[in-house]
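Presented below is the structure to which this report refers.
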Amino acid sequence: MNDSTFMTLMKLLPKSALSTLVGKATRAPAPAVVHQAVMRAFARRYQVALDEAEQPIERFTTFGQFFTRRLKPGARPIDPAPDAVVSPCDGAISQVGTIEQGRCLQAKGLWFPVDKLLGDARRALAFEGGSFATIYLAPRDYHRFHAPLEGHITGYSYLPGAFWPVNQASVASVEALFAVNERLVTWLDTPLGQVAYVAVGATCVSRIHAAYDAVVTHTGHGARSSVYPRPLPIERGGEIGMFEMGSTVIVLFEKGRLAWDPALAPGVPVRLGQRLATRLVGGAA
């Protein structure tokens, strides 16, 4: 199927209902022989590194448990250098760069507005001229996401929205895709100032779970947010949440706080814990 045909199909599909249905299917129990066969077929198709999983396939009772699997301790070492900002997840760079005129680059010729992405025009101002990275998680990837540096979680915003796919065809053609899809914004206070951490939903990504609070998206509730009177400490590499199916993570930093690794470019694979950038201020942990 070419990109044009794919996008025409996506426009016609009831994407929210489809995502709900897929989510229910991934959480449904099935005879062990059935769901294990499905998991093994999926692992072969997408070249999932089963040896990295904390548990063997036989221990998962649903496909959803397998998809959100934890990794063995030490499978993703976190760069210990005091000046390192690390990758928050496994995946591939979609875009990395500077926030200009309140926008982030989505793809050639397309941008998405930061105020719409965050659902807060006032807070978006703090990131003007700052840095951003967008990372796409493919089906084979580990689907929990983590903190790029130490700090405190000060609150969150859940923003219901659309369920466009986040693959290359959609990113290259849907205007402001990341600012219209469903998303969970986690707010961090760090040695580098404020960080906005955005987990973006997509077609068949039925739910996003926060690890720090009982927040689960796409459960029939409307937009909501919370500011913690006592911010929650989190270490570099600490878990922030997980996707029930694959999607995208976007991290935003204030101006002049870091320098991206010059090797980063669209399509470059990254792994949780590897250095993505060097701190320019507040380098000590």
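Quick note: residue numbers are just sequence positions, from 1. A quick note: this is a predicted structure, and the numbers were derived from the prediction, not measured.
Other members of the cluster containing L272 are L71, I78, V86, Y142, with ILVMFWY side chains joined at under 4.5 Å, either directly or via other members.
Residues V200 and L105 share a hydrophobic cluster, clusters being chains of Ile/Leu/Val/Met/Phe/Trp/Tyr side chains in contact below 4.5 Å. Under the 4.5 Å side-chain contact rule for hydrophobic residues, L232 and V251 share a cluster. Residue V215 is grouped with residue I234 when hydrophobic side chains (ILVMFWY) are merged at heavy-atom distances under 4.5 angstrom, including chains of intermediate members. V180 and W111 fall within a single hydrophobic cluster, where Ile, Leu, Val, Met, Phe, Trp and Tyr side chains are chained together by heavy-atom contacts under 4.5 Å. Put simply, V48 and I57 are part of the same group of oily side chains (I, L, V, M, F, W, Y) that touch within less than 4.5 Å, one to the next.
Within the 4.5 Å cutoff, the side chain of M39 has no heavy atoms near those of the F67 side chain. Taking 4.5 Å as the limit, every side-chain heavy atom of V171 sits out of range of all side-chain heavy atoms of Q95. The closest side-chain heavy-atom distance from F60 to Q36 is not below 4.5 Å. Side-chain contact check for R123 versus W187: some heavy-atom pair is nearer than 4.5 Å. Proximity of P231 to D189: side-chain heavy atoms (C-beta onward) are nowhere separated by under 4.5 Å. Taking 4.5 Å as the limit, some side-chain heavy atom of S87 sits within range of a side-chain heavy atom of I135. The shortest side-chain heavy-atom distance between V96 and V268 does not fall under the 4.5 Å cut-off. Here the side chains of E175 and L110 are in contact, with some heavy-atom distance below 4.5 Å.
Looking only at distances, a side-chain donor or acceptor of Q65 sits under 3.5 Å from a matching main-chain atom of T61. A donor-acceptor contact shorter than 3.5 Å links the side chain of E128 to the backbone of G102. The backbone N or O of A199 lies less than 3.5 Å from no partner atom in the side chain of R183, so there is not a single donor-acceptor pair. Judged purely by atom type and a 3.5 angstrom limit, T217 uses its side chain to pair as donor or acceptor with the backbone of I208.
Not a single ring-ring contact (aromatic ring centres under 6.0 Å, His included) links F132 to another residue, sequence neighbours left out. By the side-chain contact (heavy atoms from CB on, under 4.5 Å) test, D141 is found to be paired with D90, L137, A138, H143, residues two or more places apart in sequence or in another chain being considered. Under the rule for a side-chain contact (heavy atoms from CB on, under 4.5 Å), the partners of P113 that lie at least two apart in sequence or sit in another chain are D115, K116, A176, A179. Here R144 pairs with E239 under the salt bridge (charged side-chain N to carboxylate O under 4.0 Å, His left out) rule; sequence neighbours left out. The salt bridge (charged side-chain N to carboxylate O under 4.0 Å, His left out) search around E58 returns R40, not counting sequence neighbours. In this structure, the salt bridge (charged side-chain N to carboxylate O under 4.0 Å, His left out) partners of R271, at least two apart in sequence or on a different chain, are E52. Residues satisfying the ring-ring contact (aromatic ring centres under 6.0 Å, His included) criterion with Y228, sequence neighbours excluded, are absent altogether. In this structure A53 satisfies the side-chain contact (heavy atoms from CB on, under 4.5 Å) test together with R69, sequence neighbours excluded.
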Dump the intermediate steps for side-chain contact (heavy atoms from CB on, under 4.5 Å) on V185 and V198, then the final yes or no.
CA-CA 4 Å; V185 183; V198 187; 4.2 Å; yes
Check the pair V195 / L149 against side-chain contact (heavy atoms from CB on, under 4.5 Å), numbers first and verdict last.
CA-CA 10 Å; V195 173; L149 71 167; 4.3 Å; yes
side-chain contact (heavy atoms from CB on, under 4.5 Å) assessment of F253 paired with L188
CA-CA 10 Å; F253 299 88; L188 302 173; over 6 Å; no
Check the pair V270, L264 against side-chain contact (heavy atoms from CB on, under 4.5 Å), reporting the backbone distance first and the verdict last.
CA-CA 9 Å; V270 295; L264 296 179; 4.2 Å; yes
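Considering every non-hydrogen atom in both G222 and P160, the closest pair reads C-CG, 3.8 Å. The heavy-atom pair separating P88 from L276 by the smallest distance is CD-CD1, 4.2 Å. When every heavy atom of W260 is checked against every heavy atom of G97, the shortest pair comes out as NE1-O, 3.4 Å. Taking both residues in full, the closest heavy atoms of D51 and K72 are given as O-NZ, 2.8 Å, listed atom of the first, atom of the second, then distance. Shortest non-hydrogen contact noted between C104 and L252 is SG-CD2, 4.0 Å. Taking every heavy atom of both residues into account, V166 and S247 meet most closely at CG2-CA, 3.9 Å.
For residues 253-263, the set of pairs meeting the salt bridge (Lys or Arg N to Asp or Glu O under 4.0 Å) definition, not counting sequence neighbours, comprises E254-R257. Sorted by first then second residue, the salt bridge (Lys or Arg N to Asp or Glu O under 4.0 Å) pairs that include residues 93-110, not counting sequence neighbours, number zero. Residue pairs meeting the side-chain hydrogen bond (donor to acceptor under 3.5 Å, both in side chains) criterion with at least one member in residues 190-200, sequence neighbours excluded, do not occur.
One finds the CZ atom of F145 at 7.5 Å from the CD1 atom of I240 (value rounded to the nearest 0.5 Å). To the nearest 0.5 Å, the span separating SG on C89 from OH on Y136 amounts to 12.0 Å. Note that CG of L117 and OG of S157 are 10.5 Å apart. Values are rounded to the nearest 0.5 Å. Summarising the geometry, atom OG belonging to S94 is positioned 7.5 Å from atom CD belonging to Q106; distances are rounded to the nearest 0.5 Å.
Taking the six-membered ring where the residue is Trp, Y156 and Y212 present tilted rings, their angle falling between 30° and 60°. In this pair, F63 and F42 present their aromatic rings perpendicular. The plane angle is above 60°, beyond the 30 to 60° band.
With salt bridges taken as basic N to acidic carboxylate O contacts below 4.0 Å, one links D83 and R275.
Counting heavy atoms of neighbouring residues, nucleotides and ligands inside a 6.0 Å radius, atom CZ of R224 exceeds 12 of them.
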